[in-house]
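Heads up: the structure comes next, in structure tokens.
First the proteins, then the strands, lettered A, B, ... as listed; each starts at 1.
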Amino acid sequence: MAQQSIPKNYESTQVEELWYSRWCAADCFKADPERVTAARPAYSIVIPPPNVTGVLHMGHVLNNTIQDILCRRARLEGKEVLWLPGTDHAGIATQVMVEKQLKKAEGKTRHDLGREAFLERVWQWKKEKGGIIINQLKKLGCSCDWSRERFTMDEAYTRCIQKIFVDLYKKGYIYRGKRMVNWCPASLTALSDEEVIMEPHKGFLYYFKIEIAEERGTFLTIATTRPETIPGDSAIAVNPKDPRYQKYIGKHALRPLPFENQEPIPIVGDESVEFEFGTGVLKVTPAHDKTDFEIGRRHHLKVTDIMNPDGTMNALAGKDLAGMDRFKARTRSVEMLKELGLLVKEEPYENKVGISERAKVPIEPRLSEQWFLRYPSVAEARACVADGVMKFHPERWSKTYEHWMGGLQDWCISRQLWWGHRIPVWYNKQDASKIYCDVTPPADAENWEQDPDVLDTWFSSWLWPFATMGWDMDLPEEKMPELLKKFYPTTDLVTGPDIIFFWVARMIMAGYEWRGEMPFKNVYFTGIVRDKLGRKMSKTLGNSPDPLNLIAQYGADALRFGTMRSAPLGQDVLFDEKNVELGRNFCNKLWNASRFRQMSGEMSDNSSLDAIVARIDPALCDADDHAILDGIVRLTRDCSIHFANYEFNAYTQALYSFFWNDFCDWYVEVAKTRLADEKLRGNVLAIQDLCLRQFLLALAPLTPFIAEELYHLLGYIAEGQFLQDQQLATAEEILGLLEKRGLKIDGNAVAEISQIRDFVTQTRALKSHNNAGTRRDCLFVLAVKDVSAKEIVERNLAKLKSLVGAQSIEFVPAGTETSGASTLTPLGVISLDMTGLVDKEAETKRLTKELEKLDKAIAAGTAKVNNPAFAAKAPPHILEGAKKQLAETQAKRDEIVKLLGNLSK
RNA sequence: GGGGGUAUAGCUCAGUUGGUUAGAGCGUUUGCAUGACACGCAAAAGGUCGCAGAUUCGACUUCUGCUACUCCCACCA
């Protein structure tokens with residue numbers, strides 16, 4: 001097998017581009033429903049469709065890396081994988097964006113163009129610039145089936161939306177009504193409750209007097225944050241149980257504004273009025289406040305809308321305020337109250353104000369005619385999570401879900417926008433009460449007018465899991481597309497908890513309503529990516545790093561690795577570029593270790609796990625071989641456990657520490673001695689190959705590019721094949737293969753290595769303390785602890801000498817007094833003959849400190865063992881362990897005391 | 001007002017069903033060209049596990065209360 005040698009440096013950009021194009025050219029990510037069988041089960045994820053206007057940010061990196069890891073791992077486990085990608089038309093965001101461009105380039109508004117021409121512009125924009133994010137996801141390495149990319153305004157998808165609208169309308173879930181909605185004065189559309197963010201706002205609470213019409217000279221004082229709405233007041237409300245005000249119920253108050261129309265308005269009693277708030281007197285503005293609207297309904301009050309859709313005051317607000325912006329009108333009306341001598345006081349006050357999620361302006365509660373949806377399949381959707389049939393990870397989000405599902409409010413689904421799915425409803429021109437609702441326009445189109453509104457973007461998103469798979473409401477089940485039959489319901493959904501109401505809950509309801517089952521089996525909620533100070537990423541703060549820059553600088557694998565290592569399940573992620581650096585360093589380490597493997601000797605037959613195992617000779621394996629094989633088996637097992645628990649950070653961490661600490665820092669180092677030995681080299685290399693091969697497979701989902709590159713360069717796979725088609729052996733399978741070869745991992749050997757590692761560390765430390773850290777010619781004397789310790793050292797003498805930089809290690813019996821600096825190791829007291837070089841003061845300090853530590857441990861241990869309750873109640877193995885520990889600690893202490901004595905000589 | 005979450009080394013976080021002397025990465029200090037890697041190697045310093053109780057032979061771990069920070073939900077104008 002001709003091997004290409006591994007270059008000195010890893011060029012991530014080059015490697016990533018090369019492999020991504022190869023994967024695509026070979027249709028690696030294409031899901032084929034025909035391939036799904038009992039032996040090859042389906043695994044599917046639908047991507048949370050990013051906005052078509054979106055650009056990749058760290059949140060996407062986190063979210064999509066997780067999805068990619070899940071998909072790639074599933075492929076290695078022999079599953080047929082569908083990761084279905086696409087984008088969302090994002091109604092408001094997209095429309096606003098194109099409108100802005102239009103304004104900038106041509107100074108025109110959408111109305112100047114008209115609906116059709118404007119929509120053409122949006123489509124044109126979408127075609128040219130939309131979906132940039134798709135290419136960015138490719139840079140990240142996402143293994144989506146790009147041949148099935150969907151858009152929420154695809155023809156077929158749009159058809160689905162129309163059909164389910166009609167379906168829900170006919171079932172009576174959708175209705176039209178005049179109701180209080182959240183109105184965005186900037187985007188000029190209604191919004192759902194979920195699109196309104198409550199934010200604290202520092203303002204004033206204004207107290208003003210209002211005169212009782214029937215008792216001139218008597219005033220009530222009202223506290224309000226919104227004096228500009230006084231002209232819209234149609235009543236004054238007090239709590240009927242409030243002794244201060246009961247007597248006024250039924251009388252009237254003189255509304256001070258508008259000045260030219262100071263009408264008497266009724267004083268009503270309503271239980272919703274709080275005694276304690278303000279003065280206990282409430283002004284009722286049914287047209288501009290949700291609570292007030294309800295009070296108005298209960299008392300049949302007049303509804304006076306004093307504002308225009310854009311948030312300016314209209315003529316009903318009076319001539320002083322008309323035309324004014326609502327916030328200017330607030331200031332002006334306060335001035336007017338002052339002029340009238342009615343303003344009592346104004347005090348600073350902080351309350352929560354609803355802000356439009358998109359336009360970032362305060363929303364205005366407004367009465368308007370809109371389409372509403374009463375949620376379908378609520379009970380089923382609620383039960384599946386409550387019963388644990390559908391699993392949330394972390395589980396606690398199910399509480400949030402349950403809470404929201406328990407308090408469902410009807411969903412305002414109509415939007416006064418142009419970009420989106422047009423509502424499939426027509427109104428009769430002659431008879432407005434006649435409504436036509438269907439997927440196809442009425443036959444006598446000239447007599448009808450279609451509703452100008454479009455549907456909320458989320459009204460299309462909630463069908464995403466099945467509408468993307470070619471679902472058609474009118475097809476009988478057996479005629480449904482194979483894709484849907486094989487890959488639906490999906491396996492996992494990976495998304496942020498911030499859209500649990502917007503999207504997740506609604507998808508579950510849609511799933512039950514039209515497919516009769518849940519749309520996914522598991523939902524993994526990621527954390528939110530924040531900066532290293534814990535703040536949310538935002539454009540204005542400028543704390544949002546550009547993932548593409550990071551990829552260019554460090555590589556996509558490094559970004560993925562670094563992000564996943566710091567992303568614990570259910571916890572927010574604090575982004576720090578240092579993490580990406582760590583990922584880059586890891587890739588570099590991996591690269592070099594592989595390079596070293598290649599430089600160390602012949603590659604031999606690496607074509608399969610069996611072939612590699614066949615190269616291992618059990619008779620030539622030493623304790624280190626056993627320990628590292630034990631390590632790779634454990635790693636394999638741990639990885640699958642972490643996967644099953646969606647603990648990607650633990651999985652990443654496990655890979656990191658095995659590779660760096662166990663494989664590179666120890667195994668490769670100790671194996672260097674044996675590499676020089678002709679007879680042993682082949683065996684050592686075979687074991688390295690086994691480890692590297694298995695490691696790369698386990699790692700590949702996380703860092704697919706470098707894993708694939710090295711897998712090929714090391715000859716673990718034939719030209720033209722791909723890592724993803726390899727079989728990932730389980731821990732048991734590896735053990736089975738080794739046993740068949742006559743190799744049973746020896747637990748004693750594993751323990752022996754742990755002792756040796758300790759010994760080496762202690763000995764190196766001894767050298768370091770005595771300024772001999774770099775010397776390779778030290779003369780050591782080891783007072784061996786016992787026979788077995790002696791055997792261990794003898795067995796491993798060559799590599800030990802090399803590891804600690806010894807010219808010789810002389811054995812003396814335990815207890816022998818030695819000269820020079822000494823330290824305690826698990827194998828005995830080792831002494832370094834460096835008389836004259838020893839820093840006695842520093843050594844004394846160090847040993848004294850060690851002694852103090854041991855004394856503490858002995859005190860605690862003695863107290864514990866002598867405690868009769870402990871002896872009586874603790875399980876035997878714990879008791880034995882404690883006794884043994886105490887004895888060892890005491891022995892250690894004795895040695896240290898001796899060493900200290902030697903030093904003072 | 002209701003409901004989550006978090007609190008462990010200077011920083012970011014691990015810590016499995018309670019059980020020997022609480023770990024990692026970064027940062028810091030010291031030394032180092034040792035067969036791949038200075039994006040590296042070796043050694044080291046650094047922790048009353050937020051506070052107060054309770055349960056237990058034994059608590060970073062379980063329970064109760066408290067404090068701080070944080071997120072979500074809610075029609076106190």
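Atom CE in A:Met564 sits roughly 20 Å away from atom P in B:G25 (whole-Å rounding). In this structure, A:Phe586 places its CZ atom 15 Å from C1' of B:A36, rounding to the nearest Å. For the pair A:Gln807 CD and B:U34 P, the computed distance is 18 Å after rounding to whole Å. Protein atom CG of A:Asp638 is 14 Å distant from nucleotide atom P of B:U16, rounded to whole Å. As rounded to whole Å, 11 Å separates atom C1' of B:U20 from atom NZ of A:Lys892.
Atom P of B:G1 sits at a distance of 14 Å from the matching atom of B:C66, rounded to the whole Å. Nucleotides B:U67 and B:A45, compared at atom C1', are 32 Å apart to the nearest Å. When the P atom is compared between B:U34 and B:U30, the two are found 22 Å apart, to the nearest whole Å. Annotation: B:U17 and B:A44 have their C1' atoms spaced 36 Å apart (nearest Å). Taking atom C1' in both B:G19 and B:U61, the straight-line distance is 11 Å, to the nearest Å. To the nearest whole angstrom, the two C1' atoms, one in B:U28 and one in B:U16, are 32 Å apart. For the P atoms, the distance linking B:C63 with B:A68 amounts to 22 Å, nearest Å. Rounded to the nearest Å, the gap between the P atom of B:U70 and that of B:G65 is 23 Å.
Closest to the A:Lys589 side chain, of the nucleotides B:G19, B:G4, B:G40, is B:G40. Checking B:G19, B:C37, B:C39 against every side-chain atom of A:Pro875, the shortest atom distance belongs to B:G19. For A:Thr889, counting side-chain heavy atoms from C-beta on, the closest listed nucleotide (B:G4, B:U21, B:C37) is B:U21. Nearest to the side chain of A:Lys853, among B:C37, B:U21, B:G5, sits B:U21. In the set B:A36, B:G4, B:C39, B:A36 carries the atom at the smallest distance from any side-chain atom of A:Phe596. Taking the side chain of A:Asp665 as heavy atoms from C-beta on, and the options B:C37, B:A24, B:A42, the nearest nucleotide is B:A42. Here B:G35 is the nucleotide among B:A44, B:U21, B:G35 with the atom lying nearest to any side-chain atom of A:Ala676.
Under the 3.5 Å distance criterion, the side-chain polar atoms of A:Lys767 are matched with a main-chain donor or acceptor of A:Val804.
Base pairing analysis places B:A59 opposite nothing; no Watson-Crick or G-U wobble pair with both distances below 3.5 Å involves it. Base-pair partner of B:U34: not found among the strands shown (Watson-Crick or G-U wobble, both distances under 3.5 Å). Across all strands shown, B:A7 forms a Watson-Crick or G-U wobble pair, both distances under 3.5 Å, with B:U67. When Watson-Crick and G-U wobble pairs are counted only if both distances are under 3.5 Å, B:U20 pairs with no nucleotide at all.
Within 3.5 Å, no donor on the side chain of A:Lys883 pairs with an acceptor on the base of B:U20, nor the reverse.
Using the six-membered ring where Trp is involved, A:Tyr10 and A:Trp591 have ring planes that are tilted, between 30° and 60° apart. The aromatic rings of A:Tyr206 and A:Phe204 sit tilted, their planes meeting at an angle between 30° and 60°.
In this structure, the ring of A:Phe586 has its center less than 6.0 angstrom from the ring center of A:Phe561. Aromatic ring centroids of A:Phe501 and A:Tyr401 lie 6.0 Å or more apart. In this structure, A:Phe663 has its ring center at least 6.0 angstrom away from the ring center of A:Phe695.
As judged by a 4.0 angstrom heavy-atom cut-off over every strand, A:Ile878 is placed among the base-contacting residues. Nucleic acid contact for A:Ala871: none, since no nucleic acid atom lies under 4.0 Å from a heavy atom of the residue. Residue-level contact check: A:Glu669 touches the bases, meaning some heavy atom is under 4.0 Å from a base atom. As judged by a 4.0 angstrom heavy-atom cut-off over every strand, A:Arg764 is placed among residues touching the sugar-phosphate backbone only. A:Thr761 comes within 4.0 angstrom of the backbone, heavy atoms only, and of no base. Among the protein residues, A:Asn579 comes within range of no part of the nucleic acid, since none of its heavy atoms lies under 4.0 Å from any strand.
One finds no salt bridge joining A:Arg366 and A:Glu364 here, because no Lys/Arg side-chain nitrogen approaches an Asp/Glu carboxylate oxygen to under 4.0 Å.
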Nucleotide by nucleotide, 5' to 3', does protein get under 4.0 Å of the base (B), only the sugar-phosphate (S), or neither (-) in nucleotides 71-77 of chain B, counting heavy atoms? S-SBBBB
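For the pair A:Asn585 and B:C37, the criterion of a side-chain N or O lying under 4.0 Å from OP1 or OP2 is not met. Regarding contacts with the backbone of B:C37, a side-chain N or O of A:Lys8 is found under 4.0 angstrom from either OP1 or OP2. Contact annotation: A:Lys578 reaches the phosphate of B:G27 (side-chain N/O to OP1 or OP2, under 4.0 Å).
Where A:Ala593 and A:Glu888 meet RNA chain B, the nucleotide closest to each residue was compared, and A:Glu888 sits on the side nearer the 5' end. Checking A:Lys672 against A:Gln762, the closest nucleotide of RNA chain B that is more toward the 5' end is the one next to A:Lys672.
Judged by distance alone, the side chains of A:Asn182 and A:Asp193 do bring a donor and an acceptor atom under 3.5 Å apart.
Exactly one of A:Asn585, A:Leu710, A:Leu655 qualifies for a side chain to side chain contact (heavy atoms under 4.5 Å, CB included) with A:Leu590. That residue is A:Leu710.
With A:Tyr656 as the aromatic partner, A:Arg565 meets the cation-pi criteria of under 6.0 angstrom to the ring centre and within 45 degrees of the ring axis.
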